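See below for the structure under consideration.
All values reported here derive from a predicted model rather than from experimental measurement. Here is the naming used below: chain letters follow the sequence lines, and residue numbers restart at 1 for every chain.
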Amino acid sequence: MARYEPGQSEAKWQQAWADAGVFQARRDTAKPKYYVLEMFPYPSGRIHMGHVRNYTMGDVVARYKIAQGFSVLHPMGWDAFGMPAENAAMERGGHPKTWTYGNIADMKAQMQPLGLSIDWSREFATCDPEYYGQQQAMFLDMLAAGLVYRKNAVVNWDPVDMTVLANEQVIDGRGWRSNALVERRELTQWFFKISDYSAELLAALDGLKDWPEKVRTMQANWIGQSRGLQFAFETLGAPEGFGQLEVYTTRPDTLMGASFAAISPDHPLARALEAGDPGVAAFVAECRRVGTSEEALEKAEKRGLDTGIRVRHPLDPAWELPVFIANFILMDYGTGAIFGCPAHDARDFEFATKYGLPINAVFLPEGAADTPLSDAYVPLKSERVRYVRGFAGEAVQTGEAGVASAIAQCESRGIGRGVTNYRLRDWGISRQRYWGCPIPVVHCPACGVVPESKANLPVRLPDDVTFDQPGNPLDRHPTWRDCTCPKCGAAARRETDTMDTFVDSSWYYARFTSPHAATPTDAAEADYWMNVDQYIGGIEHAILHLLYSRFFARAMHKTGHLPAKAIEPFNALFTQGMVTHEIYLTRDAAGRPIYHLPEEIEGGKVSATGKAVEVIPSAKMSKSKKNVVDPVNIIRAFGADTARWFILSDSPPERDVEWTAAGAEAAYKFLNRVWLIAERVAEAPAAGDSAGDAALARALHRAIADVTHAIENFAFNKAIAKIYELTNTLSRATASSAAMTSALRTMAQLMSPMVPHLAEEIWAAMGGAGLVVTAPWPKADPALLVQDTATLPIQINGKRRAEITVPKDMPTAEVEKLVLADETVARVLAGQAPKKLIVVPGRIVNVVH
RNA sequence: GCCCAAGUGGCGAAAUGGUAGACGCAGGGGACUCAAAAUCCCCCGCCGCGAGGCGUGUCGGUUCGAGUCCGACCUUGGGCACCA
């Protein structure tokens, strides 16, 4: 063996894998299949350490499964539609398509040296017409299946740029470019009926055993099933047609504590009042200046306007409540109208205090006196409380019981009905933007909205567009909109809305099973490869992307594009943490921060100027803070294996990992050390002793068992710690050269998922047959794993004071005798019997006295 | 504001309710070297000379025993439906 030179070695082995075609996914019915997928990247132009981490984890799984004898599918593609391409076109000129495909080429070139086990023959980008054309075909099928509809919905409208803004483009209520106050504007938009599946998407979460608990909880909360009462108030003084006001409440047990009713500014009644009342119009206009995001709404100061309208309390016709328009009531949830019970809701309490409304407690803590509340009393629904203004059920009962009997009581009196509601809203997919999948419908003056004929798909984006003015280029294109009605043949106009990019990413996993098929999927391929056995990506996708994908798989099944088994497309999910780095800055004369790249810093100073830097603790790598490490530089300096090893070694995969130069160097040193051990064994064969061989065998099989277990459990940092231990053993071993060679061969296998190039090199040098990547995974010999003695710590009153070593299966009674005979124990007990003696066989002893 | 996580030596971390700190980094000491780098060996939670005491964000609780379970709080991160 020569010196460890990753630059040459890594390219050599990548070529060898390519020549052997080991990463080509083959539909081989004789083998079990394994589909591992990392969330595909947005082609921003540069890969970053987060990508390296994500793909390395997937690569470890893929290579491990190949060694386990699976037929593995490990594809890669590009989530290529979206706003940044249009922003780039606006800022720098050029075309989103050129920018995007250029970025894809750049990023792919940066990824290749990592030596990932990807089947590149399946690569596609969502902006390929072949891909989005199939998406349009599915849209038409879903439209026909009743899963798509149009309705009005609000968007952020920039009145200066005359364009729709994304939530992230609204900063403190103003447009990011124009700085104009953003308005809410209603547009007719396309929706997927995800709400049809609310109950099912919720119930099916229970079956996702290999998903993180936190993700299932987040999705369950997002779907937000609630049981409540929907009923109508009779109104007094409301406009024509508004004799009734429907409200929904999850706390009907607090009806006797009601002190007002409130409606959303977007409620039909508010709109009716707006027309005839300048005061209402002004207030509602004010409310609409808040952005459309729920966050903005919730953070805004809670405000209301008394409409002068009154409603009769359903349990007491003489009791009248004022009706407010309130900025915190969402039109999309329930009926867009509520009653407020300030005593038991923090927001209602704040509101009532502000507007001088009565605050009457309905229930109290069990055993508390009826004194005025200084704050809302909001116990868990499962907690027992004493009802003082209840009207249903026991005086003392849980909130849950109170709600249930209130619903029953109201239903029997003819006041409304119990309903199950969901927080989940239908999925609005219309975007008034160019760089997305065109929605394949046409607007015909005679026939109305007509689906485009499948024969005319894909509806391609025109290339001749400009971005020199705000707004949707499709809208102002001279000819693109012109078409004929597929139904009547008359002149018609195309829909200019494109689809939300979440649609693109909701089925790419299915497309990878047959990326070049003339239909969205190929039944035989989908049947063989689905589901994704292991999906890996960021926790930031816990709700939207994953929920939309779960819905889309169901919709694809309903329209015949996926088998029934694939309605939950991801069998197992792993969410990895971010890659972080320290931030370095100096300041200019005005004290403004100037950020510096890590490579500009040496010994706490900027190398070029010698100026000392301030160091800010690690944060997510971001270009603006310049705390980025370019994977390309790391690979050039140390090789891909070093980057892979370090990114896996230090932190548990689900947690954030901090990139440090020292850590990367340490990884490089370690790989060199392994190389040197291999070299010494190869060059200086020595006779060892048989005890040394036996000890090495035990350590080796312990390592096989531990590393295998760790990889199975996504504990790559622990797998690496075990390999460090094995390396320490190897470098001190007194075994024969044959035993050492064999052990190194096995160690190369254990390391190969993480550092595949080095593993091939060592495998070859140790006389391994073929490529290590295809060698069967080693199995631990159970006989070499058993321990015949156990060292038991002895605790006295829970504190460790001594230890004894006993045969593994010594009966408890004998262990007790030994413990009582122990010097330390005897001294502490001083002749007295212990109060308690706890022996946990094989683990620990606790003497209580 | 609401939902979900995380918090352990100087640092990254480990620990089926059972010896807190495996493994690694940094640091200290030593070997080798003319010297340095590289490599190898040893030490390394805090306080204390020591015996010992204290230690897993904070405060309480359950338990023979809590980093781990329960409750409240603090801080940081993710999401909040048009960023991807």
Side-chain angles (χ1 to χ4, degrees), chain A residues 39-42 44 79 81-84 155-156 164-170 189 194 212-222 224 291-300 302 328 332 346-347 423-433 500-502 504-505 538-545 547-548 575 577-578 580 617 619-620 646 649-652 654-658 660 662-663 665-667 669-670 672-673 676 715 717-718 720-725 727-728 731 791-795 797-803 834-838 840 842-849:
Chain A
M39 289 180 186
F40 66 166
Y42 179 79
S44 59
D79 189 13
F81 275 136
M83 291 199 308
V155 293
N156 298 307
V164 177
L165 297 178
N167 284 336
E168 72 158 5
Q169 298 174 320
V170 180
Q189 309 206 59
I194 190 172
E213 184 68 42
K214 62 180 168 183
V215 175
R216 289 186 284 156
T217 306
M218 280 189 263
Q219 291 214 354
N221 290 339
W222 185 260
T292 59
S293 78
E294 192 175 314
E295 186 186 3
L297 246 53
E298 287 280 344
K299 279 185 178 162
K302 310 292 178 283
F328 56 87
D332 293 316
R347 200 172 53 187
R423 205 184 75 99
L424 181 64
R425 311 199 291 257
D426 276 334
W427 175 11
I429 60 157
S430 284
R431 297 292 180 270
Q432 294 72 39
R433 277 185 253 288
D500 177 9
T501 56
F502 273 125
D504 312 338
S505 56
I539 186 67
E540 66 273 22
H541 296 293
I543 297 176
L544 293 179
H545 162 61
L547 191 62
Y548 289 149
T575 54
M578 298 180 298
T580 64
K620 181 178 181 169
F646 175 70
S649 67
D650 260 17
S651 292
E654 67 276 12
R655 231 188 277 178
D656 292 350
V657 61
E658 184 183 358
T660 62
E665 278 160 31
K669 276 187 197 172
F670 173 75
N672 263 295
R673 188 175 157 214
L676 286 171
N717 57 323
K718 287 184 238 172
I720 284 177
K722 296 300 176 186
I723 289 170
Y724 271 110
E725 282 181 5
T727 308
N728 289 339
S731 64
T791 299
L792 303 182
I794 300 174
Q795 293 185 333
N797 290 338
K799 288 194 187 282
R800 185 185 170 283
R801 286 296 136 101
E803 63 179 36
K835 278 196 194 127
K836 221 171 194 177
L837 187 53
I838 293 149
V840 184
R843 304 292 316 199
I844 201 166
V845 179
N846 194 5
V847 181
V848 184
H849 91 107

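- Qualifying salt bridge (Lys or Arg N to Asp or Glu O under 4.0 Å) partners for A:D656, counting only residues two or more places apart in sequence or in other chains: none.
- Applying the ring pair (Phe, Tyr, Trp, His ring centres under 6.0 Å) test to A:Y548 and every residue at least two apart in sequence or in another chain returns A:W427, A:F502.
- Partners of A:V170 under the side chain to side chain contact (heavy atoms under 4.5 Å, CB included) rule, at least two apart in sequence or in another chain, are A:N156, A:L165, A:V182.
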Secondary-structure string, 5' to 3', Watson-Crick or G-U under 3.5 Å, | for another-strand partners, for RNA chain B: (((((((..(((.....[....))).(((((.......))))).(((....)))..(((((..]....))))))))))))....
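- Qualifying side-chain hydrogen bond (donor to acceptor under 3.5 Å, both in side chains) partners for A:Q795, counting only residues two or more places apart in sequence or in other chains: none.
- In this structure, the salt bridge (Lys or Arg N to Asp or Glu O under 4.0 Å) partners of A:E294, at least two apart in sequence or on a different chain, are A:R423.
- Residues forming a salt bridge (Lys or Arg N to Asp or Glu O under 4.0 Å) with A:R216 (at least two apart in sequence, or on another chain): A:E213.
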Name the pairs: protein N/O against N/O of nucleotides 1-8 of chain B, kept only if under 3.5 Å.
unit_1: B:G1; atom_1: O2'; unit_2: A:E298; atom_2: OE1; d: 3.4
unit_1: B:C3; atom_1: O3'; unit_2: A:N221; atom_2: ND2; d: 2.8
unit_1: B:C3; atom_1: O2'; unit_2: A:N221; atom_2: ND2; d: 2.8
unit_1: B:G7; atom_1: OP1; unit_2: A:R655; atom_2: NH2; d: 3.4

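- A:N846 pairs by the side-chain hydrogen bond (donor to acceptor under 3.5 Å, both in side chains) definition with nothing, not counting sequence neighbours.
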Quick one, give me the B/S/- string for nucleotides 60-76 of chain B, reading 5' to 3', where B means a protein heavy atom under 4.0 Å from the base and S means that only happens at the primed atoms, P, OP1 or OP2. ----BS-----------
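- The salt bridge (Lys or Arg N to Asp or Glu O under 4.0 Å) test applied to A:E654 returns no partner, not counting sequence neighbours.
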Readout for nucleotides 23-32 of chain B: B = base within 4.0 Å of protein heavy atom, S = sugar-phosphate only, - = neither; 5' to 3' it is SSS-------
